[in-house]
Amino acid sequence: MDKLSAISGALFLAADIFAIASLCMPNWIVSINSGNTYIGLLQTCLTVYNRQMECFTPSDVQPEWLLTFMLIASGIICVTVTIVMLSLSYWKYDVMKYARWLGFIAMILFCLAAVMFPIGFHMDQIGGEPYQLPSSYHVGISYIFFVLALWITVVSELFAGKVCLPHF
């Protein structure tokens with residue numbers, strides 16, 4: 001395993017951690033106008049009049065957000081297997097080729113999820129249009145973590161494919 005593969009593996013691990021963290025928190029869309037409202041892909045949390053936060057799964061989960069969840073979960077699986085394959089490439093270099101392709105598939109899955117998520121802004125609770133979030137709502141930390149995971153995956157794929165060669 002060369003330095004670029006080690007750097008790529010570390011970056012894939014960081015991307016994996018950020019992607020998992022983004023799915024674990026229901027802070028994808030946040031509103032602070034009418035109490036605190038945190039909308040996640042599959043869960044919504046409300047705080048009304050400074051009471052304890054109450055979380056629930058809506059009965060009408062947006063199909064766009066369900067697909068986004070499945071794409072991100074699939075991407076996390078691909079990134080995790082890529083990390084394992086990069087580790088195995090220390091002993092079997094032939095595995096590196098498959099790790100690169102699996103990392104590329106993870107990158108594509110994350111990109112598809114990033115395009116699919118804003119289509120769900122039309123839900124009644126938000127009241128927006130696809131790709132247009134109303135001014136009373138803003139993206140939360142979960143979405144920021146997901147976008148960070150997406151960009152780190154792109155950079156780590158560049159290192160794994162030796163496209164971006166730094167000068168050591």
Side-chain angles (χ1 to χ4, degrees), residues 1-30 38-44 57 61-123 126 128-133 137-168:
M1 179 186 294
D2 57 344
K3 286 182 182 180
L4 289 178
S5 299
I7 291 171
S8 179
L11 288 172
F12 272 123
L13 180 63
D16 211 13
I17 291 169
F18 281 119
I20 291 169
S22 74
L23 285 185
C24 291
M25 297 182 296
N27 297 343
W28 284 74
I29 304 293
V30 178
Y38 302 97
I39 303 171
L41 295 177
L42 302 178
Q43 189 178 33
T44 300
T57 301
V61 175
Q62 294 296 315
E64 298 90 355
W65 288 3
L66 186 60
L67 181 59
T68 299
F69 179 83
M70 290 188 299
L71 288 168
I72 294 172
S74 300
I76 289 171
I77 292 168
C78 287
V79 169
T80 304
V81 173
T82 299
I83 294 167
V84 171
M85 292 176 96
L86 283 172
S87 300
L88 290 175
S89 72
Y90 181 74
W91 295 281
K92 262 190 120 149
Y93 189 74
D94 298 345
V95 178
M96 178 65 82
K97 177 175 68 171
Y98 302 109
R100 289 178 189 152
W101 277 107
L102 208 52
F104 181 73
I105 291 169
M107 182 181 69
I108 296 299
L109 290 171
F110 284 164
C111 288
L112 287 172
V115 170
M116 186 60 65
F117 173 68
I119 296 175
F121 290 168
H122 66 84
M123 69 187 292
I126 296 175
E129 294 293 323
Y131 298 102
Q132 294 180 350
L133 194 60
Y137 289 88
H138 59 276
V139 295
I141 192 72
S142 295
Y143 183 72
I144 293 168
F145 278 0
F146 167 66
V147 171
L148 189 58
L150 170 64
W151 281 107
I152 292 173
T153 303
V154 170
V155 171
S156 55
E157 182 61 26
L158 290 173
F159 279 112
K162 296 183 171 70
V163 175
C164 180
L165 294 174
H167 299 287
F168 288 117

request  = Please report the shortest heavy-atom distance between F146 and A113, naming the atom on each side.
outcome  = CZ-CB, 3.8 Å
task = Flag the pair T153 / F12 as yes when at least one side-chain heavy-atom distance between them is below 4.5 Å, and no otherwise.
result = yes
task = Sequence neighbours left out, what passes ring pair (Phe, Tyr, Trp, His ring centres under 6.0 Å) with F145? Give chain and number order.
result = F18
key: Spatial distance of atom OG1 (T80) from atom CG (L13) [nearest 0.5 Å]   = 9.0 Å
request  = Measure from the side-chain N and O atoms of Y131 to the backbone N and O of V115, and report whether any donor-acceptor pair falls under 3.5 Å.
outcome  = yes
message = Can you tell me how far apart CG (L148) and CD1 (I144) are? Round to the nearest 0.5 Å.
response = 9.5 Å
ask   = Where is the tightest heavy-atom contact between L86 and M96, given as atom of each residue plus distance?
value = CD2-SD, 3.4 Å
request  = Only one of I29, L112, I72 passes side chain to side chain contact (heavy atoms under 4.5 Å, CB included) with F117; say which it is.
outcome  = I29
message = Looking at every heavy atom in both A149 and A15, which two are closest together, and how far apart are they?
response = CB-O, 3.4 Å
task = First locate atom CD1 of I119, then atom CD of Q62, and finally report the distance between them rounded to the nearest 0.5 Å.
result = 11.0 Å
key: Shortest non-hydrogen contact between L150 and A114, atoms and distance   = CD2-CB, 4.1 Å
task = Sort and list the pairs that fulfil side chain to side chain donor-acceptor pair (under 3.5 Å) and have at least one residue in residues 106-116, not counting sequence neighbours.
result = none
task = Identify the heavy atoms of Y137 and I126 that sit nearest to each other, and give their distance.
result = CE1-O, 3.7 Å
inquiry  = How about CZ on F69, more than 12 heavy atoms from neighbouring residues, nucleotides or ligands closer than 6.0 Å, or not?
reply    = no
ask   = Is S8 reaching over with its side chain to a backbone N or O of S156, donor-acceptor style, under 3.5 angstrom?
value = yes
ask   = Between CE of M123 and OG1 of T44, what distance do you get to the nearest 0.5 Å?
value = 5.5 Å
message = For a quick test of reading the model, state the closest non-hydrogen atom pair linking M116 to E64 and the distance between them.
response = CG-O, 3.4 Å
Report all side-chain donor-acceptor pairs from residues 97-111 shorter than 3.5 Å, counting only partners two or more places apart or in another chain.
unit_1: R100; atom_1: NE; unit_2: A160; atom_2: O; d: 2.6

note = Distance col, row M70:CE vs L42:CG, nearest 0.5 angstrom, shows 9.5 Å
query = How long is the span from the CG atom in L41 to the OH atom in Y143, to the nearest 0.5 Å?
reply = 11.0 Å
